[in-house]
There are 2 protein chains.
Amino acid sequence: MATAVQPAPLSLLDCSEAYQDPGPVPDRTPRHTISEVSAASGLSVHTLRWYERIGLLDPVDRSHSGQRRYNDGDLARLAFLGRLRLTGMPVADMLRYVELARAGEHTVQGRRELLVAHREEVRQRIADLHATLAVLDYKIDLYSGKKQTS
Amino acid sequence: MATAVQPAPLSLLDCSEAYQDPGPVPDRTPRHTISEVSAASGLSVHTLRWYERIGLLDPVDRSHSGQRRYNDGDLARLAFLGRLRLTGMPVADMLRYVELARAGEHTVQGRRELLVAHREEVRQRIADLHATLAVLDYKIDLYSGKKQTS
DNA sequence: TACTGAGTTGGAGTGCACTCCAAGCAAGCC
DNA sequence: GGCTTGCTTGGAGTGCACTCCAACTCAGTA
């Protein structure tokens, strides 16, 4: 099966829809096949189906023959979820976030707290990585022409 | 059972021994109990024993009653291994690194390559985390008094 | 019409990195 | 002596996040 309706360049990983001008209005036409979305998002087709099964994604639209067709809203959510996942948020927390979002406007505060907590974790991880970078630089220097220590 | 011989302030997490003045000479006296090392390194006692079992650590010295007594060399290696682990290196790769180190001086190049590869990964992760930080800032701003998008 | 390739499902399986368990031993304290 | 605490072991168990499987359907092409 070839591309579904209109390919339209997919660039999920930059997550632009989340913090730039979202454009006129997100196109809710279901048109991306699962393999397209997999390629664009970096998530495997297994993972995409699994995310839907556990409720991270609302049930995706189907073609007349029952195949999934993702719309741009799905892509936006996947891009964001992918980022959360990539930066170490457990799937259970992602699910909590999504369920809050589904519950409506009155959960905005809870969602905010969840993201703030994650931001703290992200900052901590950046600090850890930077510290390790220094150690690695030192060791690599050592190995570039000297003896080793441990 | 109290502290073993001499407590001596343990500060593993800064990994100072690896990239600062290592001091006169690392004290090879076996004196730290497993729980002390666990507290100082952030690794559980389970993990410490497991690391030893799989060969990440050479067999640790024992007290006359058979309990482990870690020396400063062990601590230094654990500090470094802990950093590698914390920054996402798989245990299998850590093991490869340790085995290279055990094999002698002629493996310096291999060790260096391993660390260089890991450094690249670390840099990539830092970039990912920074990008996500921007998205989180944006979303949190949104949640601090407006509507949401996804 | 036959074949190929991409998709579907529920449920089972995998890999990693721990994490825990039961049973036992040794040391220190009341 | 009895109790508590900390340690020992091999092996089993756990949790997470996928990842794969078998059996199937459907659409498109030769």
Side-chain angles (χ1 to χ4, degrees), chain A residues 1-5 7 10 30-57 59-71 74 78 81-98 118 121, chain B residues 1-5 7 10 30-57 59-71 74 78 81-98 118 121:
Chain A
M1 182 168 298
T3 56
V5 175
L10 303 180
R31 56 205 166 101
H32 309 294
T33 68
I34 195 167
S35 59
E36 284 166 8
V37 175
S38 169
S41 69
L43 300 165
S44 74
V45 295
H46 303 291
T47 300
L48 289 173
R49 286 193 276 252
W50 181 61
Y51 277 10
E52 185 180 341
R53 222 190 305 180
I54 65 175
L56 267 185
L57 223 54
V60 174
D61 283 321
R62 300 303 179 116
S63 73
H64 73 96
S65 64
Q67 296 189 353
R68 286 174 182 77
R69 291 294 180 267
Y70 295 80
N71 63 42
D74 298 325
L78 275 172
L81 292 177
R83 284 232 152 264
L84 294 181
R85 193 65 205 90
L86 188 68
T87 52
M89 182 183 282
V91 169
D93 289 3
M94 287 162 56
L95 194 50
R96 213 164 77 74
Y97 174 82
V98 166
H118 185 57
E121 301 238 308
Chain B
M1 183 168 296
T3 56
V5 175
L10 304 182
R31 57 205 165 100
H32 308 294
T33 67
I34 195 168
S35 59
E36 283 166 8
V37 175
S38 170
S41 69
L43 301 164
S44 75
V45 296
H46 302 291
T47 300
L48 289 173
R49 285 193 276 253
W50 182 61
Y51 277 10
E52 186 180 342
R53 225 192 299 181
I54 65 175
L56 267 185
L57 224 53
V60 174
D61 282 320
R62 300 304 179 114
S63 73
H64 72 97
S65 64
Q67 297 190 355
R68 286 172 182 80
R69 292 294 179 269
Y70 295 81
N71 64 42
D74 298 325
L78 276 172
L81 292 178
R83 284 230 154 265
L84 294 182
R85 193 66 205 86
L86 187 67
T87 52
M89 182 182 283
V91 169
D93 289 4
M94 288 161 56
L95 194 50
R96 212 163 79 76
Y97 174 80
V98 166
H118 186 57
E121 301 239 307

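Note: hydrogens, waters and symmetry copies are ignored here, and every other heavy atom, side chains too, is used. Chain identifiers are assigned alphabetically (A, B, ...) following the order of the sequence lines, protein sequences preceding nucleic acid strands; residue numbering begins at 1 within each chain.
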At under 4.0 Å, does any side-chain N or O of [X] touch on OP1 or OP2 of [N]?
X: A:R49; N: C:dT8; answer: yes
X: A:S63; N: C:dG7; answer: no
X: A:R69; N: C:dG7; answer: no
X: B:S35; N: D:dC7; answer: yes
X: A:Y51; N: D:dA17; answer: no
X: B:H46; N: C:dC20; answer: yes
X: A:R68; N: C:dG7; answer: no

Of the options [options], whose atoms approach the side-chain atoms of [X] most closely?
X: B:Q67; options: D:dG6, C:dC18, C:dG7; value: D:dG6
X: B:R62; options: D:dT9, D:dC18, D:dG6; value: D:dT9
X: B:T33; options: C:dG7, D:dC7, C:dA17; value: D:dC7

On a plain distance test, is the side chain of B:R53 in donor-acceptor contact with the base of D:dG11 below 3.5 Å?
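Yes.
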Could you pull out all residues at least two apart from A:S35 that satisfy side-chain contact (heavy atoms from CB on, under 4.5 Å)?
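Partners of A:S35 under the side-chain contact (heavy atoms from CB on, under 4.5 Å) test: A:T33.
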Can you check the B:E52 CD to D:dT8 P distance for me, whole Å?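 One finds 8 Å between P of D:dT8 and CD of B:E52, rounded.
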How close or far is atom C1' of C:dT8 from atom NE2 of A:H64, stated in whole angstroms?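 Rounding to the nearest Å, NE2 of A:H64 and C1' of C:dT8 are 14 Å apart.
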- Task: Check whether any side-chain heavy atom of A:I34 sits under 4.5 Å from a side-chain heavy atom of A:Q67, and report yes or no.
- Result: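 Result no, sub-4.5 Å side-chain heavy-atom pair not found.
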ask   = How close do B:L48 and B:S41 get, heavy atom to heavy atom, and via which atoms?
value =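 That closest heavy-atom pairing would be CD2-OG, 4.4 Å.
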Worksheet item: Which angle, rounded to 10°, do you find between the first-five-pair axis and the last-five-pair axis of the helix from C:dT1-D:dA30 to C:dC30-D:dG1?
Response: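 The end-segment axes of the helix from C:dT1-D:dA30 to C:dC30-D:dG1 are tilted 10° relative to each other.
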(Q) Just to verify, what does B:T87 make a side-chain hydrogen bond (donor to acceptor under 3.5 Å, both in side chains) with, not counting sequence neighbours? (A)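 side-chain hydrogen bond (donor to acceptor under 3.5 Å, both in side chains) list for B:T87, sorted by chain: B:H118.
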